[in-house]
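Proteins come first, then strands; the chains are lettered A, B, ... in the order of their sequence lines, and each starts at number 1. The shown structure was predicted, so the numbers you read here are calculated from the model rather than taken from an experiment.
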Amino acid sequence: MAESPITPREKDFAAWYQDVVQQGDMAEPAEIVKGCMVIKPNGYAVWEVLQRELDTRFKATGHQNAYFPLLIPESFLKKEAEHVEGFSPELAVVTIAGGKELEEPYVIRPTSETIIGHFFSRWIQSWRDLPVLINQWANVVRWELRTRMFLRTTEFLWQEGHTAHATHEEAVEEVLRMLDIYAEVAEDVMAMPVIKGVKTRAEKFAGALRSYSIEAMMQNGLALQAGTSHDLGQNFGKAFNVQFQSKEGRLDYVWQTSWGVSTRLIGGLIMSHSDDKGLVLPPKLAPVKAVLVPIYRKDEERARVLETAHRIAKEIGAKIDDRDGHSPGAKFFYWERRGVPVVLELGPRDVASNNIVLKRRDTGAKEVVAQSDVAARLTAVLETMQKDLYGAAKERLKANTVLANSMIEVEEILNGANKFVMAHLKDDPACDARLKEFKATVRNIPLVDQYDGGGRCIVTGEPVDRRVVIAKSY
RNA sequence: CGGGCCGUGGCGCAGCCUGGCUAGCGCGCUUGCUUGGGGUGCAAGAGGUCCCGGGUUCAAAUCCCGGCGGCCCGACCA
């Protein structure tokens, strides 16, 4: 028996994560470009499914895709004071092009609020032009000091939605609508439970009025910000002079939003469901949902088995692994570490009895199914597995969420383990700062309070209306 | 960007301290036979700028200096 190429989670979670990414053939460090990664076909296929799920929902809510330049005039970033302050440390800047020093450097987009603001100002004149609902699928670059595959890389893929509205009320509706879509994709498609909430003022997007996020819990108890949706107010409208004439004939600035999710979701996916044997993909996200491994000895068995195997695989839309020169055992391990939800085994015994063996990736449970029932059974198993993965993740989130009623309590809990700690805390940067002492942050202030309502802030003693999520995070 | 560990066939490592034969090992890969219900076995092969640059030396994977990159911790982080 060969040794597992995957470090157990218990032993070293970070090493486990690296191993799963590598063994699942998801991505590898680019090495020749600092902090960047190569997303391999297996990983990119997952991204494509995620893109499809998101894009369909964006379109269904009236958004259109568009594309803006990768390079942004440096001066654009400076037009919004908070924005430039927030992003300038992590900008990559192009100063030379065509062999000449540029008069004005270009920054490689870290996000596109500025350049899109510029074009919005040209596109929008009247209340009739609103709302503008745009989404862009793009790559962005942020010179992060510390990178981890999928979770934080120098260059990453994402979508960024940018919308402009006539009223703040409408903009806030949009912000929450998109947050809901993110939560829906996270929970229903990725089987990753999330907490929707508002970011504290200290943690909000540079240039936003308010930021909202969905926060997920990884298997090691760390939080992962899985998606954000920002109420930009009129900040960028004013910075880029995006004005429209209202029905009443008044000139006013638009109210904007922006929202995004990135390839980081794939990191979250991995750390939500995968196990010591490798990647586990929820069925709805798996590019390949089922693989059929034929088993045979002699040539005449081979012919018979392969014939039946091909017929069944075609019927149920499974991939067939008919590679020669690999033993069935080797194939089982191969698909296992690549996270395929269901592996079907078909050997001479099954051909003779008109059965087939079906195995789930998550539980490892095997069952013998009549060939005539396999299509229905596969559908049912995939559905169950999707639900079970979500259920297990939800259970873990619940089990690792605790209440605290004092700063000392919060600190004790977080020093002992990685948990989500629910505590009353005022939305004040000074209060956020107190958590830094033990490397925690407010993840968000939940939109829906599932606990005991109001209480006194554990720092200031002032009344606050609900508990916030405090945790260590990626 | 600070601290630590690391960089040697595709992958994982030994060798380095104490410089010196032809740079080894396991896995993987190729070919043949064998095997096949959870990594089959045997045999024969292929495959290496020892991260890069400079220095010391008769001689550098090994010592010295500089750089690049990876991982972990920290600071930073929409």
Side-chain angles (χ1 to χ4, degrees), chain A residues 1-7 12-19 21-23 25 28-37 77 80 82-91 109-114 140-149 151-154 156 158 160 199 202-208 211-213 225-230 232 258-262 264 277-278 293-299 301-302 305 323-337 343-353 355-359 364 366 368 436 439 441 472-474:
Chain A
M1 188 72 150
E3 223 176 288
S4 172
I6 296 170
T7 309
D12 183 343
F13 194 83
W16 167 80
Y17 177 73
Q18 296 290 332
D19 291 343
V21 169
Q22 196 214 327
Q23 293 295 318
D25 225 7
E28 63 182 51
E31 297 203 326
I32 47 166
V33 190
K34 185 180 168 69
C36 291
M37 67 173 170
L77 272 288
E80 213 291 327
E82 260 188 40
H83 193 64
V84 66
E85 196 186 322
F87 278 103
S88 52
E90 47 187 274
L91 291 180
R109 65 178 164 227
T111 178
S112 301
E113 276 76 8
T114 56
V140 289
V141 167
R142 298 179 186 181
W143 216 260
E144 303 284 3
L145 295 175
R146 176 162 191 194
T147 56
R148 286 178 222 250
M149 277 199 281
L151 300 177
R152 181 174 288 109
T153 47
T154 300
F156 58 93
W158 78 343
E160 46 180 328
K199 284 287 187 186
E203 297 276 334
K204 75 178 171 64
F205 176 72
S211 290
Y212 295 73
S213 74
Q225 179 174 296
T228 46
S229 188
H230 311 292
L232 301 176
S258 70
W259 27 274
V261 295
S262 71
R264 169 184 265 200
K277 294 174 187 163
V293 176
I295 296 155
Y296 43 78
R297 274 172 230 259
K298 304 167 203 125
D299 272 359
E301 277 178 358
R302 182 189 135 97
V305 168
R323 290 176 296 169
D324 260 328
H326 292 276
S327 68
K331 290 178 182 178
F332 297 145
F333 281 108
Y334 178 84
W335 294 109
E336 184 169 80
R337 63 177 185 262
V343 170
L344 299 153
E345 311 178 8
L346 184 81
R349 293 204 304 257
D350 307 303
V351 173
S353 62
N355 287 327
I356 189 163
V357 177
L358 187 153
K359 188 183 178 194
K366 269 189 191 184
V368 178
K436 280 207 160 179
K439 295 168 212 156
T441 47
K472 291 182 223 159
S473 72
Y474 276 104

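- Whole-Å rounding puts the A/Lys277 NZ to B/G39 C1' distance at 14 Å.
- As rounded to whole Å, 18 Å separates atom P of B/C76 from atom CG of A/Leu91.
- Residues A/Gly86 and A/Ala206 approach most closely at CA-CB, 3.8 Å, considering heavy atoms.
- Taken to the nearest 0.5 Å, the OH atom of A/Tyr212 stands 13.5 Å off from the NZ atom of A/Lys199.
- For A/Glu345 against A/Asp350, the heavy-atom pair with the smallest separation is O-OD2, 3.6 Å.
- Contacts of A/Val140 with the nucleic acid, taken as non-hydrogen atoms under 4.0 Å apart, are absent.
- Taking all atoms of both residues into account, the shortest heavy-atom contact from A/Phe156 to A/Ser262 is CD1-CB, 3.7 Å.
- Heavy atoms of A/Arg109 sit nowhere under 4.0 angstrom from any nucleic acid atom.
- More than 12 heavy atoms of other shown residues, nucleotides or ligands fall within 6.0 angstrom of atom CD in A/Glu82.
- Of the C1' atoms belonging to B/G74 and B/C11, the separation is 31 Å, rounded to the nearest Å.
- Nucleotides B/G19 and B/C76, compared at atom C1', are 43 Å apart to the nearest Å.
- A cation-pi arrangement is present between A/Arg323 and A/Tyr334, with the terminal nitrogen or guanidinium carbon under 6.0 Å from the aromatic centre and inside a 45° cone about the axis.
- By the salt bridge (Lys or Arg N to Asp or Glu O under 4.0 Å) test, A/Asp299 pairs with no residue at all, sequence neighbours left out.
- Comparing the P positions of B/G37 and B/G7 gives a spacing of 38 Å, expressed to the nearest Å.
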B/S/- contact track for nucleotides 48-53 of chain B, protein heavy atom under 4.0 Å: ------
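- Across all strands, A/Phe156 comes closer than 4.0 Å to base atoms (heavy-atom distances).
- For the pair A/Glu345 and A/Gln23, nearest-nucleotide mapping onto RNA chain B gives the more 5' position to A/Gln23.
- If you check every strand for non-hydrogen atoms under 4.0 Å, A/Thr228 touches a base.
- We find that CZ of A/Phe332 is positioned 11 Å from P of B/U40, with the value rounded to whole Å.
- In terms of heavy-atom proximity, A/His230 sits nearest to A/Ala208 at CB-CB, 4.1 Å.
- In this structure, A/His326 NE2 and A/Phe333 CZ are separated by 15.0 Å, a value rounded to the nearest 0.5 Å.
- With the nearest nucleotide of RNA chain B identified for both A/Ser211 and A/Ile32, A/Ile32 has the one nearer the 5' end.
- Across all strands shown, A/Pro348 has heavy atoms under 4.0 Å from base atoms, whether or not it also approaches the sugar-phosphate.
- In this structure, the CD atom of A/Glu203 is 11 Å from the P atom of B/C76, given to the nearest Å.
- Contact between A/Gln225 and A/Arg264 at its shortest, heavy atoms only, is O-NH1, 3.0 Å.
- A straight line from CG of A/Asp25 to C1' of B/G10 spans 12 Å, rounded to a whole angstrom.
- A stem is defined here as three or more consecutive Watson-Crick or G-U pairs, each with both distances under 3.5 Å; for RNA chain B these stems are B:1-7 with B:68-74, B:10-13 with B:24-27, B:29-33 with B:41-45, B:51-55 with B:63-67.
- When the C1' atom is used for both B/C68 and B/C51, the distance is 8 Å, rounded to whole Å.
- Every residue two or more places apart in sequence or in another chain that forms a side chain to side chain contact (heavy atoms under 4.5 Å, CB included) with A/Thr7 is listed here: A/Lys11, A/Asp12, A/Ala15, A/Asp19.
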Derivation of the side chain to side chain contact (heavy atoms under 4.5 Å, CB included) call for A/Arg146 and A/Arg152: CA-CA 8 Å; A/Arg146 176 162 191 194; A/Arg152 181 174 288 109; 5.7 Å; no
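- Taking the C1' atoms as reference points, B/A44 lies 42 Å from B/U57, given to the whole Å.
- Contact record, A/Val305 with A/Pro294: CG1-CB, 3.7 Å, taken as the closest heavy-atom pair.
- In this structure a side-chain-to-backbone donor-acceptor pair under 3.5 Å is missing from A/Glu113 to A/Ser258.
- A distance of about 15 Å separates the C1' atoms of B/C50 and B/C25, rounded to the whole Å.
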Contact state string [nucleotides 70-75 of chain B, B base, S sugar-phosphate only, - no protein heavy atom under 4.0 Å]: SSSBSB
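- Between A/Phe13 and A/Trp16, the two ring planes are tilted [angle within 30° to 60°].
- Only the C1' atoms considered, B/G55 is 11 Å distant from B/A60, to the nearest whole Å.
- Comparing B/C64 with B/U22, their P atoms are spaced 25 Å from each other, to the whole Å.
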Just the atom pairs and distances: protein N or O near nucleotides 30-36 of chain B's N or O, under 3.5 Å.
residue	atom	partner	partner atom	Å
B/G36	OP1	A/Arg297	NH1	2.9
B/G36	OP2	A/Arg297	NH1	3.4
B/G36	O6	A/Arg297	O	3.4
B/G36	N2	A/His326	O	3.4

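- Between the CD1 atom of A/Ile6 and the P atom of B/G12 there is a distance of 14 Å, given to the nearest Å.
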